[in-house]
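Presented below is the structure to which this report refers.
So that the names make sense, note that chain A is the first sequence line, chain B the second, and so on, each numbered from 1.
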Amino acid sequence: MTEPARTTESVRVRFSPAPTGFLHVGGARTALFNWLFARHHGGTFILRIEDTDVARSREEWITGIQQTLLWLGLRWDEGPVLQSGRFDRYLAAAERLLTEGKAYECFCTEDEVRERNEAARREGRTPGYDGRCRDLTPEQRAAFAGEGRPRSIRFRTPDEGVSCFDDVVRGEVAVEWSTIHDFVIIRSDGTPLFFLANAVDDVDMEITHVIRGEDLLDSTHRVLALRAAFGHPDPPVYAHLPLIVGADRAKLSKRHGAIALEDFRDRGYLPEALVNYLALLGWAPDDGREILTQDELVAAFDLDRVNRSPAFFDYQKLDWMNGEYLRAMSDDQFAASVLRPALERVDVTLPDDAIAALTAAAKPRVTTVNDLADQLSFLVDEKNFEISDAEWARAVATQRAQEVLDIAIAHVERCEWTVEALNFVTELKDAGLKPAKAMPAIYVAIEGRSRGLPAFEAMYVLGRERTLARLRAARRRLDDGLDQAGSGTPD
RNA sequence: GCCCCCAUCGUCUAGCGGCCUAGGACACCGGCCUUUCACGCCGGCAGCACGGGUUCGAAUCCCGUUGGGGGCGCCA
C-alpha cells in the first residue's frame, strides 16, 4: 500500500493583497510567482482581497488591482473573494477560540496599549502586549464591560517552547514563543484582523502553498498557531520571497518613486517585459536565459530556484529589456502599439508612408512609448519648435556649419521626395566635409537636438516646406551669431 | 532594546566541496559598423564582506565578527 504523496495533491495558491493602495512592483512580483507556480503545476490561482481593515480599504483599489493583474496577463481561476464578505465566518472562529479558552477578552484600549509600548521602547524594554487582561476573572470582565470599556479579543500565545516551520526558500525557521506576544484577532469594533482572516481562509480555501514577501515571515508563526488552534495542524507549504528594495536597500515604498504598476503602463512599458523582468528578481532559470516568454517562464519556474537575498529594482535593466521586446516586434505591431500611441502623445497625425519610414528608424532606438514620444517631439508645428541654446552650441561647434546648411538647403530645394533621394552625404563628402562632424548641425536644425532619429527620415516626415523652413532658420541664426561674435571678439 | 532573515562584480544573478586563474546579463569604458544617436558585433574594467575552523581540497559546510534588511500595531 503506497501513501499518497503530497506532490500529487493539486496545488492551490492565492494572491491576497490589501486594497489600501495601488499594486506596486513588490505585490506584482508576489502575484507573478504565485501565478507561475500555479500554472507550472497545473494548479489553481486564487485572488483574495484582504479588506478586513474596512477604514483603509477602498473599492477603487480593488478594481485597480484586478485591472493591473489582467494587464500583466495574470488571470486568476477563483475569486476575487472579499474577506469583508466573510466576517461571520471569522467571528464564529473567534467565538470558538474564546469558549475554548484559546483566546480572551481584552479591555485595554488602543491608546493604552500604544502608550505602554512606547514606554517600553523608551526604556529599552521589548514592546508587545503585557498580558494585562490575560487572566481576568469573570467578575473583573463584567466590571470592565459594565464601565462601557471597549472589548477586543486576543489570541493567547504559548508562554514557552519554540515555534518552528519549514520554509521552502529559507529552510527551518524557529523562534521562541516567549518573544511572540498575545495578539488581537477581533478589534473592539467587532471586526476581524489579518491573522484571523488569513488563517481561516487558508484553511477554508484549502491553500496548499503560501508564497509571499519576507516581510510576513514573522507573522507566519502566529497564523500557524491559530491554524493549530482551529484543529488544522497540517500547515501549507510556505515560501517567503526576498524583498524588492529601493536604492537605499530598504523595502520598496511610496517614497521610492514611481512604483505603481499603472505608472509603468502609462509610461509605455510592455506587460510582457515587466513580467519577464520581475520574474528575474529573486529567481533565475537553470540555463541562464534572461529573455523568456510567459510560457517559457511557466515551464521553467519552480520554488526551489528562488533565492534568499533582497533584490534592487533596476530601471536600467528594465529599460533594456523593454527595448528588447520592442525590437522583437513586427513592424506592423510596432507601428500600431508603440509608434501611433507615441504620436498621439505629441498630438501629431501622419500619413501611412511616413509611419512606415519612422517605424524602421525608431525601432532600434526606443525603450518605451514615452521615450519615443520625446524623440518625436520635433514634429510639433513650427511655432512650437524650439532649439535649446545648449544643443545649438554643441552642434555649431563644428567648423563650416554654414557650408553644411547651404549644401542641405540647396539639396532639399530640388531633390526628389523620397528618404533615399534626400540623402546628401555624398555632397558633404565632395565638399571635403566629414559627415560625422557635419551632421549634428543638420540634426539640431531639423530635430532641435544634435542627436536623434535619422535625419533623412525626419526630413521626409516633416515635408519639404517645413524642412526648408527649419534649415533656413538655422542658417539665419548662424549668421546672427557670427555677427555678434564678430563685433566683440576679434581673433 | 528584543526576535528573525540575508551577505558572489556598481546592479540582477549562475555556483548547491574539486569542472572556478568564479560564468552570464544590465550599466560603464574602448573598438568596428555608421548621416547623429541608437541597434548589432568584438574587446575591456569589475566580485566570493572579514576572522576562525572542518576537509587532501571551500565562493560552496560550521562558528564568530561586521554590515544590511525585516518584524515587534485594535496595518497587511
(request) Using a cut-off of strictly less than 4.0 Å, decide whether A/S309 has a side-chain nitrogen or oxygen near OP1 or OP2 of B/A7. (result) yes
(message) Rounded to whole Å, how long is the line connecting atom CZ of A/R121 with atom C1' of B/C3?
(response) 13 Å
(request) Using a cut-off of strictly less than 4.0 Å, decide whether A/R187 has a side-chain nitrogen or oxygen near OP1 or OP2 of B/C75. (result) yes
(request) Give A/E324 one of three labels, base, sugar-phosphate or nothing, depending on what nucleic acid heavy atoms sit under 4.0 Å from its own. (result) sugar-phosphate
(request) Please work out if A/F183 contacts a base, only the sugar-phosphate, or nothing of the nucleic acid, heavy-atom cut-off 4.0 Å. (result) nothing
(request) May I have the distance from A/E457 (atom CD) to B/U34 (atom P), rounded to whole angstrom? (result) 16 Å
(message) Rounding to an integer number of Å, can you tell me how far A/N423 CG sits from B/U34 C1'?
(response) 12 Å
(message) When the P atoms of B/A27 and B/C12 are compared, how many Å lie between them, rounded to an integer?
(response) 15 Å
(message) Taking the nucleotide of RNA chain B with the nearest heavy atom to each, does A/L453 or A/E176 sit closer to the 5' end?
(response) A/E176
(request) Please tell me which of the listed nucleotides, B/C12, B/G69, B/G71, lies nearest to the side chain of A/L281? (result) B/C12
(message) For A/Y277 and A/F313, I'd like to know if the aromatic rings sit close, meaning centre-to-centre distance below 6.0 Å.
(response) yes
(request) Identify whether any heavy atom of A/P454 sits under 4.0 Å from a base atom; if not, whether one sits that close to sugar-phosphate; answer base, sugar-phosphate or nothing. (result) base
(message) What's A/G213 touching, base or sugar-phosphate or nothing? Going by heavy atoms closer than 4.0 Å.
(response) nothing
(message) Assess whether a salt bridge exists between A/E60 and A/R58, defined as any Lys/Arg side-chain N lying under 4.0 Å from an Asp/Glu carboxylate O.
(response) yes
(message) Could you tell me how far apart A/K251 (NZ) and B/C75 (C1') are, to the nearest whole angstrom?
(response) 10 Å
(request) Let me know, please, whether A/C108 or A/D215 comes out on the 5' side of the other along RNA chain B by nearest nucleotide. (result) A/D215
(message) Under 4.0 Å, heavy atoms only, any strand: does A/E110 hit a base, just the sugar-phosphate, or nothing?
(response) base
(message) I want to verify a distance call: between B/G68, B/U35, B/U13, whose nearest atom is closest to the A/R249 side chain?
(response) B/G68
(request) Please measure how far the P atom in B/U65 lies from the corresponding atom in B/C5, and state the result in whole Å. (result) 15 Å
(request) Considering only atom C1', compute the distance from B/G51 to B/U66 and round it to an integer number of Å. (result) 10 Å
(request) Measure from the ring centre of A/W320 to the centre of the six-membered ring in the base of B/C26, then say whether that distance is under 5.5 Å and the planes meet at under 30°. (result) no
(message) For a quick check of understanding: with a heavy-atom distance under 4.0 Å over all strands, which category does A/E290 fall into, base, sugar-phosphate or nothing?
(response) base
(message) Out of the candidates A/R475, A/R400, A/H411, only one should pair with A/D406 under the side chain to side chain donor-acceptor pair (under 3.5 Å) rule; please name it.
(response) A/R475
(message) Looking at A/R134 and A/D182, is there a salt bridge between them, counting it only when a charged N and a carboxylate O are closer than 4.0 Å?
(response) yes
(request) Using only side-chain N and O atoms of A/R116, determine if any of them is under 4.0 Å from OP1 or OP2 of B/C72. (result) no
(request) Please state whether the phosphate of B/U36, meaning OP1 or OP2, lies under 4.0 angstrom from any side-chain nitrogen or oxygen of A/K437. (result) no
(message) For a ring-ring contact (aromatic ring centres under 6.0 Å, His included) check, start with the C-alpha distance between A/Y238 and A/F165, then their side-chain angles and the critical distance, and finish with the verdict.
(response) CA-CA 8 Å; A/Y238 280 91; A/F165 68 93; 5.7 Å; yes
(request) Classify the nucleic acid contact of A/A174 as base, sugar-phosphate or nothing, counting any heavy atom under 4.0 Å across all strands shown. (result) sugar-phosphate
(message) Under 3.5 Å for both donor-acceptor distances, Watson-Crick or wobble: does B/A25 have a partner, and if so which one?
(response) B/U11
(message) Any donor-acceptor pair, under 3.5 Å, between the side chain of A/K317 and the base of B/A25, if you only look at N and O atoms?
(response) yes
(request) Would you tell me if any nitrogen or oxygen in the side chain of A/R305 comes within less than 4.0 Å of OP1 or OP2 on B/G15? (result) yes
(request) Can you label the angle between the A/F424 ring and the A/F456 ring as parallel, tilted or perpendicular, going by 30° and 60°? (result) perpendicular
(message) With rounding to the closest Å, how many angstrom separate the P atoms on B/G10 and B/C48?
(response) 8 Å
(message) Can you tell whether the side chains of A/R477 and A/D389 come within less than 4.0 Å, N to carboxylate O?
(response) yes
(request) Compare side-chain N and O positions of A/N117 against OP1 and OP2 of B/C72 and report whether any pair is under 4.0 Å apart. (result) no
(message) By the 4.0 Å heavy-atom rule, please label A/F194 as base, sugar-phosphate, or nothing.
(response) base
(message) Under 3.5 Å for both donor-acceptor distances, Watson-Crick or wobble: does B/C50 have a partner, and if so which one?
(response) B/G64
(message) So, taking the atom named CG in A/L216 and the one named NE2 in A/H240, what distance separates them when rounded to the nearest 0.5 Å?
(response) 6.0 Å
(request) Record whether the side chain of A/S188 comes under 3.5 Å of the base of B/C74 through a donor-acceptor pair of N or O atoms. (result) yes
(message) Just to be sure I understand the rule, does A/G452 reach a base, reach only the sugar-phosphate, or reach nothing, if contact means heavy atoms closer than 4.0 Å?
(response) base
(message) For a quick check of understanding: with a heavy-atom distance under 4.0 Å over all strands, which category does A/A455 fall into, base, sugar-phosphate or nothing?
(response) base
(request) Scan A/P435 against the nucleic acid and name what it touches under 4.0 Å (heavy atoms): base, sugar-phosphate only, or nothing. (result) sugar-phosphate
(message) Tell me which nucleotide, if any, is Watson-Crick or G-U wobble paired with B/C41 when both distances must be under 3.5 Å.
(response) B/G31
(message) Taking atom types as they are modelled, would you say the side chain of A/D218 forms a donor-acceptor pair with the base of B/G70 within the 3.5 Å cutoff?
(response) yes
(message) Heavy atoms only, 4.0 Å cut-off, all strands: where does A/L216 land among base, sugar-phosphate and nothing?
(response) base
(request) Grab the CG-P distance between A/N307 and B/C6 for me, whole Å please. (result) 11 Å
(request) Could you check how far CG of A/L292 sits from P of B/A25, rounded to whole Å? (result) 15 Å
(request) Take atom CG of A/L252 and atom C1' of B/G69, then tell me their distance rounded to the nearest Å. (result) 13 Å
(request) Would you classify A/T52 as touching base, sugar-phosphate or nothing, given that sugar-phosphate means primed atoms plus P, OP1 and OP2, and contacts are heavy atoms under 4.0 Å? (result) sugar-phosphate
(message) Nearest whole Å is fine: how far is B/C12 C1' from A/I291 CD1?
(response) 13 Å
(message) Please give the distance between the P atoms of B/U60 and B/U55 as a whole number of Å.
(response) 16 Å
(request) Determine the Euclidean distance between corresponding C1' atoms of B/A49 and B/C39; express it in Å to zero decimal places. (result) 39 Å
(request) Find the partner of B/G1: check Watson-Crick (N1-N3 plus N6-O4 or O6-N4) and G-U wobble (N1-O2, O6-N3) distances, both under 3.5 Å, and reply none if neither fits. (result) B/C72
(request) Could you measure between the two P atoms, the one in B/A14 and the one in B/G23, and give it in whole Å? (result) 15 Å
(request) Decide, yes or no, whether a salt bridge links A/R187 with A/D189 under the criterion of side-chain N to carboxylate O below 4.0 Å. (result) no
(request) Check A/V184, A/V200, A/T52, A/V223 against A/F195 for a side chain to side chain contact (heavy atoms under 4.5 Å, CB included) and give me the one that passes. (result) A/V223
(message) In whole Å, measure the gap between the P atoms of B/C33 and B/G68 for me.
(response) 49 Å
(message) Any base atoms under 4.0 Å from A/Y277, or only sugar-phosphate, or nothing? Heavy atoms, all strands.
(response) nothing
(message) Check this one for me: any side-chain N or O of A/R56 less than 4.0 Å away from OP1 or OP2 of B/A76?
(response) no
